[in-house]
Q: 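Got a structure for you, questions after.
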Amino acid sequence: MAEWSAGYVADIEYEPGLFRQQAPAHLDLVCLLNGLEPPQAGEDFAWCELGCGQGVTANVIAAANPKATVHAVDFHPAHIARARATAKAAGLGNVTFHETSFEDLAAGAGPALPAFDYITLHGVYSWVGTETKRAIVRFLARALKPGGAAYITYNTLPGWSNQIPLQRLLLEYARTMPGRSDHAVLKALDFAEALSGTGAGAAGDAELFKRLRDPSTHPTYLAHEYLNGSWQPLLHADVARDLAAAKLSYAGSAHMFMNEPSLMLSAEQRALLDGIADPVLRESFADYCDVERHRCDVFVRGARPLPPALREARLRDFGLALIGPIGFPHTIDGKGTPLVLEERVYGPIIAALGRGAHRIGDLLDLPEVRVAGPPPARQLALALVGAGAALATRGLDAAPLESVLRFNRAQVAEALAAEAPVAWLASSVGGAGLHTDAAGAQLYRAILEGAPTDPPLLVDHLLGPLRVTDFMNDPAALQANAQRRAQLAQRLDRAARFEWPAWRRLGMI
């Protein structure tokens, strides 16, 4: 372990990822859903990410919001080097990446930074030690504007309580292994599973090991999740009390459905929890009912409740942009009362959003929706954003921003050159972005270059025509090649039918 890492996994880089719930519009919507005034920030907002990793989210936010000032911090030099290279390739002049510790930031020994409207931390707070947590709180107290919003994620108790013994087992065993952390964690997992097989139930169970062994679970993730020396799941009350020292109050969850108790909790649970006067404890005890594993909390520095009529007006003025298909009837289920999205109500809304971003009030005022009976503005926003069908947005103009086009061109070129499985794309609507797979990146480049976009023709353009005569003596190779082409055509077809329309609606191309 590197001496500068303070017990944090630093010998391998963290996996890149885009977390669009860190976008200002999403955080604003969380505040409004819970009856609080969001930050009074315009297009020139100041945004900061602590623990930015390879800088994917920060670069997307910067590209999608060219008038904003974006700063991002990480202590890992490789992360910062990659993030800066991405920003330079895309010509982003409004984002700055800093290699420094949170302790230096809190002490004022780091770079000079402005006051921020938004400060976000994803995948940090449960994985750092007590002194680092205190430094984060001091920085929030100093750098977050009055009325500003903070986004913070962490592993939650009691959801992780059954894995605390396993985490410690993996950590201690991995320390005995030479080599990189991603290799050591797999060796540790082998040992834990073997120990469990002897009847040591505290080492884990078959269902847990099956999940950890899933091919989609990368060893890099396992190492960063389980091998940090300060790893600690937290009760919501722990975090809320920490942040109270920075005058921060809980505003709601970036997981939209968690903002609706009638959806997440049974009637009996709601009745019991309603008797808890302390809102922090009430929220914490709710996690015992839903067994939440990973909280994405939004806090505000100076909570300002909105009168119901004003909240409704603000929500009606908020925008939604369609990013994905949704079938009807669509049921949002939980422990409480299911929310059923009926086609007669939501069908016209989705059809309107298919033509472009709309204000929530305009969607509710559609004649077909008024006849069917419009849902409350809060329910509409919570349902569509929570279901992953829509993106929260403060603007409706889908004209592509030059910064977005530059960034997306650079991202697609980089992803295809590196044969990366994912490309991160910024959007001109919503101030955030989406990801696409390798086939989507191929389609995006084909659109830019004027190449064929019909999937079978694009396959021929990418791979060359399939000539059966080339495989006359190798029928197995012919079958494998044909299967590969069919799979690529299928992925391209999906991107053309679902992603391309979203790119146009969101001003991404």
Side-chain angles (χ1 to χ4, degrees), residues 3-8 10 14 19 22 24 27 31 36 39 41 45-53 55 57-58 61 69-77 79-80 95-156 228-251 254 280 283-284 295-304:
E3 291 183 3
W4 51 268
S5 70
Y8 197 88
Y14 193 70
F19 303 97
Q22 294 176 246
L27 303 180
C31 293
L36 296 177
F45 62 83
W47 184 95
C48 178
E49 182 176 17
L50 302 180
C52 65
T57 300
I61 296 291
T69 299
V70 175
H71 289 265
V73 177
D74 202 280
F75 82 142
H76 200 304
H79 289 165
I80 296 300
V95 60
T96 306
F97 291 94
H98 307 277
E99 181 203 341
T100 190
S101 70
F102 302 149
E103 288 83 356
D104 283 348
L105 278 184
L113 298 176
F116 294 102
D117 299 289
Y118 305 91
I119 297 178
T120 70
L121 303 87
H122 188 91
V124 173
Y125 209 71
S126 287
W127 296 266
V128 295
T130 300
E131 289 305 313
T132 303
K133 288 184 177 71
R134 290 172 179 165
I136 290 169
V137 173
R138 291 197 302 273
F139 179 74
L140 290 170
R142 181 171 63 84
L144 187 62
K145 294 178 183 179
Y151 162 96
I152 182 167
T153 72
Y154 52 98
N155 285 342
T156 312
N228 286 306
S230 297
W231 182 93
Q232 182 185 16
L234 299 163
L235 199 66
H236 169 74
D238 299 332
V239 178
R241 289 165 183 159
D242 285 352
L243 299 189
K247 303 179 183 178
L248 291 171
S249 303
Y250 179 65
V280 169
E283 186 70 23
S284 302
R295 289 189 65 103
C296 295
D297 287 352
V298 180
F299 290 80
V300 292
R301 190 160 185 262
R304 295 163 291 161

Q: Between the main-chain N or O of Val280 and the side-chain N or O of Arg241, is there a donor-acceptor pair closer than 3.5 Å?
A: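 Here the side-chain-to-backbone pair does not exist.
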
Q: In a check of side-chain contact (heavy atoms from CB on, under 4.5 Å) between Tyr125 and each of Ile136, Thr153, Asp297, which one passes?
A: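 Testing each of Ile136, Thr153, Asp297 against Tyr125, the sole residue satisfying side-chain contact (heavy atoms from CB on, under 4.5 Å) is Ile136.
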
Q: Just by distance, do the side chain of Arg301 and the backbone of Leu144 share a donor-acceptor pair under 3.5 Å?
A: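 Yes: the side chain of Arg301 pairs with the backbone of Leu144.
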
Q: Is the shortest side-chain heavy-atom distance between Glu103 and Thr132 below 4.5 Å?
A: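 Counting from C-beta outward, Glu103 and Thr132 do come under 4.5 Å.
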
Q: Which atoms form the tightest heavy-atom contact between Ala58 and Val70, and what is the distance?
A: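 Closest pair (atom of Ala58, atom of Val70, distance): O-CG1, 3.8 Å.
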
Q: Could you grab the distance from atom CG of Leu50 to atom CD1 of Ile152, nearest 0.5 Å is fine?
A: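 Between Leu50 CG and Ile152 CD1, I get 9.0 Å after rounding to 0.5 Å.
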
Q: Please report the shortest heavy-atom distance between Cys31 and Ala251, naming the atom on each side.
A: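 Shortest heavy-atom separation between Cys31 and Ala251 comes out as SG-CB, 4.3 Å.
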
Q: Do Cys52 and Phe97 come within less than 4.5 Å of each other through their side chains, counting heavy atoms only?
A: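 When only atoms from C-beta onward are counted, Phe97 and Cys52 do touch, with a gap below 4.5 Å.
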
Q: For Asp74 and Tyr14, which I'm curious about, is there any donor-acceptor pair between the side chains at under 3.5 Å?
A: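 Per modelled atom types, Asp74 and Tyr14 side chains form no pair under 3.5 Å.
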
Q: Could you check whether any side-chain heavy atom of Phe19 comes within less than 4.5 Å of a side-chain heavy atom of Thr120, counting everything from C-beta outward?
A: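 Heavy-atom side-chain distance check fails, nothing below 4.5 Å.
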
Q: Tyr250 vs Phe299 aromatic rings, parallel, tilted or perpendicular, using cut-offs 30° and 60°?
A: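 Ring orientation of Tyr250 relative to Phe299: perpendicular.
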
Q: Between Leu234 and Asp242, is there a side-chain heavy-atom distance shorter than 4.5 Å?
A: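 They are not in contact (no side-chain heavy atoms under 4.5 Å apart), so the answer is no.
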
Q: Trp47 versus Gln22: any side-chain heavy-atom pair under 4.5 Å?
A: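 Yes, close enough: below the 4.5 Å cut-off.
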
Q: Taking Lys133 for the side chain and Val128 for the main chain, is one N or O donor matched with an acceptor at less than 3.5 Å?
A: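 Confirmed, Lys133 side chain pairs with Val128 backbone.
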
Q: Is Thr156 close to His236 at the side-chain level, that is, under 4.5 Å between some pair of heavy atoms?
A: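 His236 does not reach Thr156 side chain to side chain.
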
Q: Taking all non-hydrogen atoms of both residues into account, name the closest pair between Ala149 and Val298 and its distance.
A: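 Taking every non-hydrogen atom into account, CB-CG1, 4.5 Å.
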
Q: What heavy-atom pair brings Pro111 and His98 nearest, and what distance separates the two atoms?
A: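 Result for this residue pair: CG-ND1, 3.3 Å.
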
Q: Supply the atom-to-atom distance Arg295 CZ to Ser126 OG, rounded to the nearest 0.5 angstrom.
A: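 The OG atom of Ser126 is 11.5 Å from CZ of Arg295, to the nearest 0.5 Å.
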
Q: Side-chain contact, heavy-atom cut-off 4.5 Å: Leu248 with Leu140?
A: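 Yes, at least one pair of side-chain atoms sits under 4.5 Å.
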
Q: Nearest 0.5 Å, please: how far is NE2 in His76 from CD in Glu99?
A: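 One finds 9.5 Å between CD of Glu99 and NE2 of His76.
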
Q: Nearest 0.5 angstrom please: Tyr154 OH to Leu121 CG, how far?
A: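 Those atoms lie 12.5 Å apart.
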
Q: Checking Ser284 side chain against Leu235 main chain: does a donor-acceptor pair fall under 3.5 Å?
A: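 Side chain of Ser284 to backbone of Leu235, a donor-acceptor pair under 3.5 Å: no, none is there.
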
Q: Do you know which two heavy atoms are closest between Pro77 and Phe75, and how far apart they sit?
A: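 Pro77 and Phe75 have their closest heavy atoms at CD-O, 3.4 Å.
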
Q: Which heavy atom of Val124 sits nearest to which heavy atom of Gly51, and what is that distance?
A: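 Scanning both residues completely, I find the closest heavy atoms to be CG2-CA, 4.0 Å.
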
Q: Could you go through His122 and Thr57, starting from their C-alpha distance and side-chain angles, then the distance that decides it, and tell me whether this counts as side-chain contact (heavy atoms from CB on, under 4.5 Å)?
A: CA-CA 10 Å; His122 188 91; Thr57 300; over 6 Å; no

Q: With a 4.5 Å heavy-atom cut-off, do Lys247 and Pro146 have their side chains touching?
A: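 They are not in side-chain contact.
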
